[in-house]
Amino acid sequence: MSQFNTEKTINERYFYAKEVYAAFGVNTDAVLEKLQERQISLHCWQGDDVNGFEVTAGGASGGILSTGNYPGRARSGEELRADYEKALSLIPGKHRINLHAIYAETDGEIIERDQLELKHFRKWLDWAKKRGVGIDFNPTCFGHPMAASGFTLGSKDEAVRAFWVRHVKVCREIAAAMGKELGTPCVMNIWVPDGMKDIPADRLGYRRQLKKSLDEILEVKYDRQYLIDALESKLFGIGVESYTVGSHEFVMGYGLKNNVTICYDMGHFHLTENMADKLSATLLYSENLLLHVSRPVRWDSDHVVILNDELIALAQEVKRCDAFDKVYYALDFFDGSINRITAWVTGTRAALKSILIALLEPTDLLAAEENAGNYGNRLALMEEFKSLPFGAVWDKYCLDMKVPVGADWLVDVKAYEEKVLKNR
Ligand code: RNT
Ligand code: ZN
């Protein structure tokens with residue numbers, strides 16, 4: 001602990017912050033209790049640049065890409081779980097992990113993606129049970145010869161389409177079994193890269209195929225206690241600039257009509273679009289939502305999440321809609337140019353900080369000014385709230401949750417890098 005972050009100084013700063021917030025009617029102790037309930041789903045693919053463990057296929061494709069060659073990338077389940085342990089030990093609270101199908105462990109045996117079974121995730125399950133973390137899941141419809149045409153579930157080639165339908169079906173079966181075994185619903189997110197570099201002549205045709213595939217996939221019903229089906233939209237990807245089959249409207253329409261959870265990825269909209277604004281509009285019609293918390297820089301670049309205006313606005317909107325129990329937070333970024341544990345911890349801590357800022361907001365006061373027509377006061381209060389001492393509350397949370405306070409966690413990451421990552 002650095003000299004500024006002793007238990008005594010943290011508690012003193014918290015005591016002061018508590019008074020400041022109390023003046024606005026906010027009980028910081030109660031907020032910290034609420035924050036403990038917020039789980040973030042940490043994506044495994046930040047740990048290995050979306051490579052996965054497949055014997056013959058794998059790797060990112062379909063318009064997504066991790067750049068950078070920082071040493072220490074996890075190359076096996078053991079390494080990835082060890083890295084996860086390190087990251088989770090530096091993040092306050094209890095969280096979830098998010099796996100892709102390519103993270104199956106098959107002991108060197110080639111198992112096709114449409115043949116995957118629960119047993120191929122046994123090590124993950126046992127580990128998750130031991131650590132008390134839930135698992136979320138994703139079919140992997142990219143990085144595979146059957147995805148080489150750029151189409152998967154939306155393909156017009158029946159052999160290709162049927163292969164991916166089978167893959168997503170087995171993934172649902174696995175995900176539901178994971179949810180059942182772990183006693184917490186597994187959120188399974190379907191994202192397909194399908195699209196075209198240039199202007200298509202038959203936009204409708206591929207969308208019909210995708211709809212048909214999803215209908216077939218969702219024919220099997222699972223208890224929502226075990227499995228939550230989600231579907232992610234996308235605007236464009238590298239080489240998929242002109243058209244995506246699973247566009248926002250496609251996903252919104254399909255999701256609302258078929259009771260499938262809509263997934264909004266922060267990088268999957270025009271950069272001037274305000275994703276926070278989409279929440280209330282969607283939640284009026286849908287019982288829940290999945291967020292892929294990411295950071296687009298000029299494009300869907302999947303940079304590590306930081307505490308920026310977009311992230312805070314998103315959390316504030318969840319708070320203002322009183323929807324924390326309806327909105328699943330999942331991270332989705334991949335940066336191979338920096339220490340990958342630093343990436344995970346920075347992104348997750350930023351997401352939690354944004355949620356804390358939102359929970360600390362005296363929302364009632366803002367709404368009262370708005371309803372009274374005092375828009376000037378609303379604006380002024382919003383500005384004043386920005387400089388309330390949330391950092392002191394955050395530090396207290398880290399102290400209580402027994403994780404390093406402030407930047408102290410970087411020392412742990414450095415030690416782990418020296419001892420473990422450098423030897424890979
Ligand atoms: C791609 C989507 C998708 C992926 C992961 C790896 O644009 O955002 O969520 O990033 O499934
Ligand atoms: Zn995503």
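One is the number of the first residue; the rest follow in order along the sequence. If you're wondering where the values come from, they're calculated on a predicted model, not measured in any experiment. In what follows, every heavy atom counts, from backbone to side chain, and hydrogens, waters and symmetry copies are set aside. As the structure lists them, so they are numbered: ligands from 1, and atoms in each ligand from 1.
Between Glu54 and Arg113 a salt bridge is recorded (basic side-chain N to carboxylate O distance below 4.0 Å). With respect to the salt-bridge test (charged N to carboxylate O, under 4.0 angstrom), the residues Arg81 and Glu105 qualify.
A donor-acceptor pair shorter than 3.5 Å cannot be found between the side chains of Asn27 and Tyr21. Checking Asp48 against Tyr103 by side-chain atom types alone, a donor-acceptor pair falls below 3.5 Å. Side-chain atoms of Ser155 and Tyr206 form no donor-acceptor pair, as typed in the model, at a separation below 3.5 Å. For the residue pair Asp332/Trp45, the side-chain donor-acceptor check at 3.5 Å is satisfied.
Expressed to the nearest 0.5 Å, how far NZ of Lys257 lies from NZ of Lys211 amounts to 6.0 Å.
Proximity of the aromatic rings of Phe236 and Tyr243 is defined here by a centroid distance below 6.0 angstrom, and this criterion is not met.
The shortest distance between side-chain heavy atoms of Leu42 and Arg96 does not fall below 4.5 Å.
When heavy-atom distances to ligand 1 are checked against 4.0 Å, the residues falling inside are Trp45, Ile64, His100, Trp191, Glu232, Lys234, Asp265, His268, His292, Asp300, Asp332, Phe334, ordered by chain and number.
Around the Zn ion (ligand 2), the protein N, O or S atoms closer than 2.8 Å are Glu232 OE2, Asp265 OD2, His292 ND1, Asp332 OD2, listed by chain and residue number.
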